[in-house]
Amino acid sequence: MKCRRCRAPAVVDVRRHNAAFCRECFLRHVREQVRRAIDDHDMLQPGDRVLVAISGGKDSLAAWDVLRELGYDADGLYLGLGIGSYSDESSRYAHEYASRHGLTLHSVDLARDYGYDVPGAAVATRRAPCGACGLSKRHLFNEVALERGYDAVATGHNLDDEAAVLLGNVLRWETAYLGRQHPVLPAAEGFVRKIKPLVRLGERETAAYCVLSRIDYIVEECPMAAGNRHLGYKELLNELEDRSPGSKAAFLLGYFERAHSRFAGDAASERAHLRPCPECGAPTTGDICAFCSLRARATVGDEAAVELVARRTARGRSSGRSARRATAPAPPGAPTGAG
Amino acid sequence: MKVVLRNPRREVDVSGPTTVDALLARLELNPESVLVICGDTLVTRDAQLADADVVEIRPVISGGATP
Ligand code: SF4
Ligand SMILES: [Zn+2]
Ligand SMILES: [Zn+2]
């Protein structure tokens, strides 16, 4: 195959675009797709400071790399999840990338800073590990970005991740989730802006970007992912894509263009009932936010947890933020949504 | 040729020459779910692989989607 742009020998084909590219032209193609996603959805303004959620995997490192290539002021945040050697290794890839390029990578460790880890939380709460993990990530990315004055949190969610989530939401007609599923979620009281700059790129493209840019990333899969519902959706969608290239992009990008606005109201009415969590200040519809509740259950038995539960029952005094800082000193860090 | 598969890491021997497409079909892998690396670069699906090549087939699907 020849490169569609310069006719040199191609190294990667993208069936969806019915095209193949040489290395240089492919890297340019990736940057153009990210540029277009940012512009189409008004993700970033000049001068914005971005916090990229870094997991050590291909997507988050590609997102960080491309944002920097496009000239954005982007720091990273690594979240230690405590998933055995998988976490140790992913941390190594994240830190190696940062130090090779002289970048700032904040770091938060669930066990060190909050007294629990993902496997423990899964057991204690009888939730699937990915549920506890995703909840922790969403909360901490937001919290760190607010505390450190970033304008937006960028995650490495790609076209395949989002198409799989969309399929799941449509199969169950989760209208509030559908209303929130968008490449950019604007800032609101207690929430920093969330952006997904890789939403126009498939994960085969983000992986190819890393290989061709010589970015080392963790290829091994998170051991907690096995049997995850979204993995099954991805396989189904890839079968469809194999038979009919372009299906995934038509499904997802068509949703953003023509259907998302129909569900936006469902998400907005949920937000109308938010108030600050008495423990941490994060917006919640409950008495205590889902993160504080998870943390309390996951750390039952140790002192911080006992104190937290006690305070929770004696609700009302609301200096949760400083109180937590007293038991859990030190700052931030955290990874991306997918894997 | 030596074919390296990941997750878990293992090696299989496949007799060549063959094309990338044919190799993936033989291993029953969806081309949309993998990258094929020969030597130190990516190769397209029509690329010819020689019997002496060392080929890595790297999955690109990552797991836990957290919306
Ligand atoms: S698969 Fe992803 S979301 Fe699930 S536990 Fe592992 S890192 Fe967390
Ligand atoms: Zn070219
Ligand atoms: Zn809280």
Side-chain angles (χ1 to χ4, degrees), chain A residues 1 9-13 15 20 23 26 55 57-59 128-131 133-135 137-138 157-158 160-162 164-165 168-169 174 177 180-181 202-208 211-212 219-222 224-226 228-231 233-235 237-239 241-242 245 248 336-339, chain B:
Chain A
M1 287 180 175
V11 293
V12 57
D13 49 278
R15 284 178 79 203
R23 177 178 180 274
F26 179 76
S55 69
K58 64 190 192 312
D59 301 305
C130 297
C133 182
L135 169 59
K137 287 173 182 172
R138 282 191 298 279
H157 293 96
N158 58 47
D160 290 84
D161 298 325
E162 293 299 301
V165 169
N169 286 342
E174 298 278 10
Y177 287 157
R180 276 203 300 272
Q181 195 180 351
E203 55 192 342
R204 200 167 165 276
E205 289 163 279
T206 63
V211 172
L212 294 173
V219 175
E220 277 62 47
E221 190 52 64
C222 171
M224 308 273 140
N228 181 293
R229 182 153 38 93
H230 288 96
L231 268 183
Y233 294 155
K234 281 185 173 180
E235 272 165 33
L237 287 167
N238 276 342
E239 274 175 39
E241 184 78 15
D242 194 37
K248 288 184 293 193
T336 195
Chain B
M1 72 191 72
K2 193 166 96 178
V3 180
V4 179
L5 298 156
R6 308 287 295 257
N7 298 345
R9 192 177 182 105
R10 60 211 187 278
E11 286 178 16
V12 295
D13 265 313
V14 176
S15 59
T18 183
T19 63
V20 166
D21 252 351
L23 175 65
L24 295 180
R26 206 138 114 199
L27 298 170
E28 297 184 357
L29 293 170
N30 185 336
E32 188 64 18
S33 322
V34 296
L35 288 173
V36 179
I37 302 172
C38 181
D40 66 350
T41 189
L42 294 176
V43 288
T44 53
R45 61 180 187 275
D46 63 339
Q48 280 288 335
L49 302 169
D51 199 43
D53 282 337
V54 177
V55 177
E56 178 189 339
I57 299 183
R58 184 180 290 195
V60 298
I61 309 216
S62 17
T66 52

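Every chain is numbered from 1 and lettered A, B, ... according to where its sequence line falls, protein lines coming before strand lines.
In this structure the side chain of A/V211 reaches within 4.5 angstrom of the side chain of B/R58, judged on heavy atoms. Two residues are said to be in side-chain contact when any heavy atoms from C-beta on lie closer than 4.5 Å; A/D160 and B/I61 fail this criterion.
Taking all atoms of both residues into account, the shortest heavy-atom contact from B/S62 to A/L231 is O-CD2, 3.9 Å. Nearest heavy atom pair, residue A/V11 against residue B/T44, reads C-CG2, 3.6 Å.
Looking only at heavy-atom pairs under 4.5 Å with chain B, the residue among A/L212, A/D242, A/T206, A/V12 that has the most is A/D242. For chain B, the option among A/M1, A/M224, A/R23 with the highest count of heavy-atom pairs below 4.5 Å is A/M1. Interface summary for chain B: among A/Q181, A/E239, A/R15, the most heavy-atom pairs under 4.5 angstrom belong to A/R15. For the set A/A226, A/A20, A/A208, the entry with the most heavy-atom pairs within less than 4.5 Å of chain B is A/A208.
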Exercise answer: donor-acceptor pairs, residues 23-40 of chain B side-chain atoms, under 3.5 Å, sequence neighbours excluded:
| unit_1 | atom_1 | unit_2 | atom_2 | d |
| --- | --- | --- | --- | --- |
| B/R26 | NH2 | B/S15 | O | 3.0 |
| B/N30 | OD1 | B/E32 | N | 2.9 |
| B/N30 | ND2 | A/N238 | O | 3.0 |
| B/E32 | OE2 | A/K248 | NZ | 3.0 |

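Listed by chain and number, the residues in a side-chain contact (heavy atoms from CB on, under 4.5 Å) with A/E220 are A/E89, A/I218, B/R6, B/N7 (sequence neighbours excluded).
Residue A/Y233 places its OH atom among more than 12 non-hydrogen atoms of other residues, nucleotides or ligands, all under 6.0 Å distant.
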